[in-house]
Peer 1: 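Take a look at this one; I'll ask things after.
Letters A, B, ... are given to chains in the order of the sequence lines, protein chains preceding strands, and every chain is numbered from 1.
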There are 2 protein chains.
Amino acid sequence: MDKKSPIKITLTERNDAVTITQWVYQTLRDAVMYGEILPGRALTIRELAGIMDVSPMPVREALRQLAAENALEIQGNRRVMVPNMTAMKFNELCEARIAIESHAAARALPYIDSDLLDQLRTLDNLIDAAQEAGNLEQISLLNQNFHRALYTANPHQVTLPLIESLWLQLGPFMRLATNELDEHYLVDRHNEAMAAIEKKDAYALQVAISADIREGIAFAGTPEMLHAFIENAGH
Amino acid sequence: MDKKSPIKITLTERNDAVTITQWVYQTLRDAVMYGEILPGRALTIRELAGIMDVSPMPVREALRQLAAENALEIQGNRRVMVPNMTAMKFNELCEARIAIESHAAARALPYIDSDLLDQLRTLDNLIDAAQEAGNLEQISLLNQNFHRALYTANPHQVTLPLIESLWLQLGPFMRLATNELDEHYLVDRHNEAMAAIEKKDAYALQVAISADIREGIAFAGTPEMLHAFIENAGH
DNA sequence: ATATATTGTTTGTGATCACAAAAGATAAAA
DNA sequence: TTTTATCTTTTGTGATCACAAACAATATAT
C-alpha cells in the first residue's frame, strides 16, 4: 500500500480548544522541523488525512500554510514535499539566519529589562542541564526559546516570522546530522550575549548571536559530514 | 447590505492555465499591495467569493496563504483583515528591509554577469521614463522588478520570499502616502548600485541599496505625513 | 436610560462529492 | 529488452452542505 517509505508522524494530543486545522498544522510542522519526513517524499492529502484520522480539508489548509512558510514545496505537478537541500542552499540559509537574527537582536536590545534578562538566564541554565544530559532535542528546543525570547523583547518586532521560516527550512537537516553525533562540544555563547545585553553593547550582542548560530551549525557536524547527508537525503 | 465600506477590488483577467485558487490569491495579493483594502476592514470569505464570483473554497485557501505571508492577519475571533499599522512598526519594517535586502544584494554580487547588468540598466531606464511621466504605480512596480532581478542573480538565494513578505506588509501604506504627493524628487541610487556592481564592491552596493530603500520611503512622504496616514488608516 | 437576556442571522470550519488531470500499470510494438 | 500506447487508479481542485460559534438586534428587567 505504501508507495515509498511509510510516513511516520508523531501525533501529539488533540486539544479541544484548538481547531482541527491548527492541530494538523502544528503536527505537520513539528514533523518537518524534526526531520520525520524525508525530503523529496511526495506528500498526499488523503494519505496524511488517513494517518491523522481527519478529513482531507484541514490537511489541505495546513499543507498550503506550510508551503507559504517555505517549509514545504509545491511543484508544478501539484506534488507537495519537503524541499531537497544542497550544500550551497544550506550555507545561504545559515548566512541569512546570521544577518537577520543579529539585526533582530540589536533591535530588541533597547527593550530588554532585568526581568527578561533573568528569564534568559533561566533558559541558559536549562540548556546547560540538557547539554549535560545529552538530550539533543531538548537542547535545540530550548535554544530556539532563548532566541525567540530575545527577539520578541521588541514589541514592534516584525522579523520573527521570517526567522521561524528559516528555522523550519534548516530544521530537517540539522536533525539528519545531529543524529549521528554521540559526542559534542559547545561553547556557551549565551553568556557572552547576556554580558553584551547588560552592557547595552549592540555590536557585542551581534557578534555573540552570530557566533552562537555558527557554532550551532558546526555542532550539527563537520561540513563534510553535513554535505554527505544533505546530498544523499533525497534518495 | 454592505457592513462597512464596500470592498472594491481590481479583477484581472482569468487565465485558464491557472487554478482558480491561484487567480484569487494573485488578485487579493494585488489588492492588498496596492492598498485597495482598508486596514482593519473585516474580510469575509463569502463576501469575497461573491465579489469574485467563485465558490468560498478558493477564497479560503488564498486568505490562509496571504495570512501565512503576513499580508493579512487572522484574529482570535477568526476575523481576517489587513493589519493596522503603527509608526513604530512601519519603522521596523523599513529597517528590516534594509538589513535583509543589503545582505541579499551582497550575496548576489558574485553571480552578476554582464547580461544581468544590461538587464538592470534597461530597468533603470524604464524607471527614469516612468518618473518623467509621473506614473507612480509604474515606478514602484519597476523598482520592485529591479530589486528582484538583483537578488535572484544568486541561484541559491533563500531570502526573496522573506523580502516579498516585507514588501507586502509595507505596500498598502506606501500607497496611502504617495496618493497625496503631486510632486516628488528622487535621486537615482540605482546608478550608484550599478557602479558598485561593476567594481564588484560589496560594501558600496550595500550602501547604495540601503540609500535606495530609505529614499523610497522618504519618497512616500515626510515622516509627519506618513504617521498621520498610518494612525488614521484604521478609522 | 442602562444593563442583561434572548432571538435571529452571519460566518468559519470541516465533511462529502464530482470531476479532470496526473501517475502508475498493463499490453502491444519495435 | 526498450519504447510506445492504452487503460486503470490515484490525486488535487473546487462546489455544496451541515453545524456550532460569533455577531447583531431586539426585547426584557433593573
Peer 1: Where along residues 17-32 of chain A does a heavy atom come under 4.0 Å from DNA chain C, residue by residue in number order?
Peer 2: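 Listed by number, they are Thr19(A), Ile20(A), Thr21(A).
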Peer 1: How would you list, by chain and number, every residue that makes a side chain to side chain donor-acceptor pair (under 3.5 Å) with Thr152(A), sequence neighbours excluded?
Peer 2: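 With sequence neighbours excluded, Thr152(A) shows a side chain to side chain donor-acceptor pair (under 3.5 Å) to no residue whatsoever.
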Peer 1: Would you please name every residue forming a side-chain contact (heavy atoms from CB on, under 4.5 Å) with Asp118(A), sequence neighbours left out?
Peer 2: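 Only Arg121(A) meet the side-chain contact (heavy atoms from CB on, under 4.5 Å) criterion with Asp118(A).
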Peer 1: Taking side-chain contact (heavy atoms from CB on, under 4.5 Å) as the test, write out the residues that go with Pro56(A), two or more places apart.
Peer 2: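 For Pro56(A), the residues satisfying side-chain contact (heavy atoms from CB on, under 4.5 Å) (neighbours in sequence not counted) are Ile45(A).
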Peer 1: Using atom CZ of Arg41(A) as one end and atom C1' of dT11(D) as the other, report the distance to the nearest whole Å.
Peer 2: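 Interatomic distance, CZ of Arg41(A) to C1' of dT11(D): 14 Å.
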Peer 1: Expressed in angstrom and rounded to an integer, what is the separation of Met81(B) atom CE from dC23(D) atom P?
Peer 2: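 Interatomic distance, CE of Met81(B) to P of dC23(D): 13 Å.
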Peer 1: Within residues 51-68 of chain B, which residues have any heavy atom lying less than 4.0 Å from an atom of DNA chain C?
Peer 2: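 Close to the strand are Met57(B), Arg60(B), Arg64(B).
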Peer 1: By a strict heavy-atom criterion of less than 4.0 Å, which residues belonging to residues 70-80 of chain B are in contact with DNA chain C?
Peer 2: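 Within this stretch, Arg78(B) sit under 4.0 Å of the strand.
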Peer 1: Which residues pass the salt bridge (charged side-chain N to carboxylate O under 4.0 Å, His left out) test with Glu61(B), not counting sequence neighbours?
Peer 2: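 Salt bridge (charged side-chain N to carboxylate O under 4.0 Å, His left out) list for Glu61(B), sorted by chain: Arg60(A), Arg64(A).
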Peer 1: Using the test side chain to side chain donor-acceptor pair (under 3.5 Å), find all partners of Glu92(A) that sit at least two apart in sequence or belong to another chain.
Peer 2: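 Applying side chain to side chain donor-acceptor pair (under 3.5 Å) to Glu92(A) gives Arg107(B), Asn154(B).
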Peer 1: Whole-Å distance between dC19(C) P and Arg46(A) CZ?
Peer 2: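 My rounded result for the distance is 14 Å.
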Peer 1: With sequence neighbours left out, write down each residue that passes side chain to side chain donor-acceptor pair (under 3.5 Å) with Thr159(B), or none if nothing qualifies.
Peer 2: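 In terms of side chain to side chain donor-acceptor pair (under 3.5 Å), with neighbours along the sequence ignored, Thr159(B) is linked to no residue.
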Peer 1: Verify, without hydrogens or angle tests, whether Glu73(B) (side chain) and Ala67(B) (backbone) share a donor-acceptor contact under 3.5 angstrom.
Peer 2: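 The answer is no, because no donor-acceptor pair under 3.5 Å joins these two groups.
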Peer 1: Residues in side chain to side chain donor-acceptor pair (under 3.5 Å) with Gln169(B), at least two apart?
Peer 2: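 Counting only residues at least two positions away or on another chain, Gln169(B) forms a side chain to side chain donor-acceptor pair (under 3.5 Å) with Ser165(B).
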Peer 1: Just jot down the side-chain contact (heavy atoms from CB on, under 4.5 Å) partners of Pro161(B), sequence neighbours excluded, or say none.
Peer 2: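 Listed in chain order: Asn70(A), Gln157(B).
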Peer 1: If I take atom CZ in residue Arg14(A) and atom C1' in nucleotide dT13(C), what distance separates them, rounded to the nearest angstrom?
Peer 2: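 Value for this atom pair: 12 Å.
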Peer 1: Under 3.5 Å, which donor-acceptor pairs link side chains of residues 139-146 of chain B to any protein atom two or more places apart or in another chain?
Peer 2:
{"from": "Ser140(B)", "atom 1": "OG", "to": "Glu137(B)", "atom 2": "O", "distance (Å)": "3.2"}
{"from": "Asn143(B)", "atom 1": "OD1", "to": "His190(B)", "atom 2": "NE2", "distance (Å)": "3.0"}
{"from": "Asn145(B)", "atom 1": "OD1", "to": "Arg148(B)", "atom 2": "NH2", "distance (Å)": "3.3"}

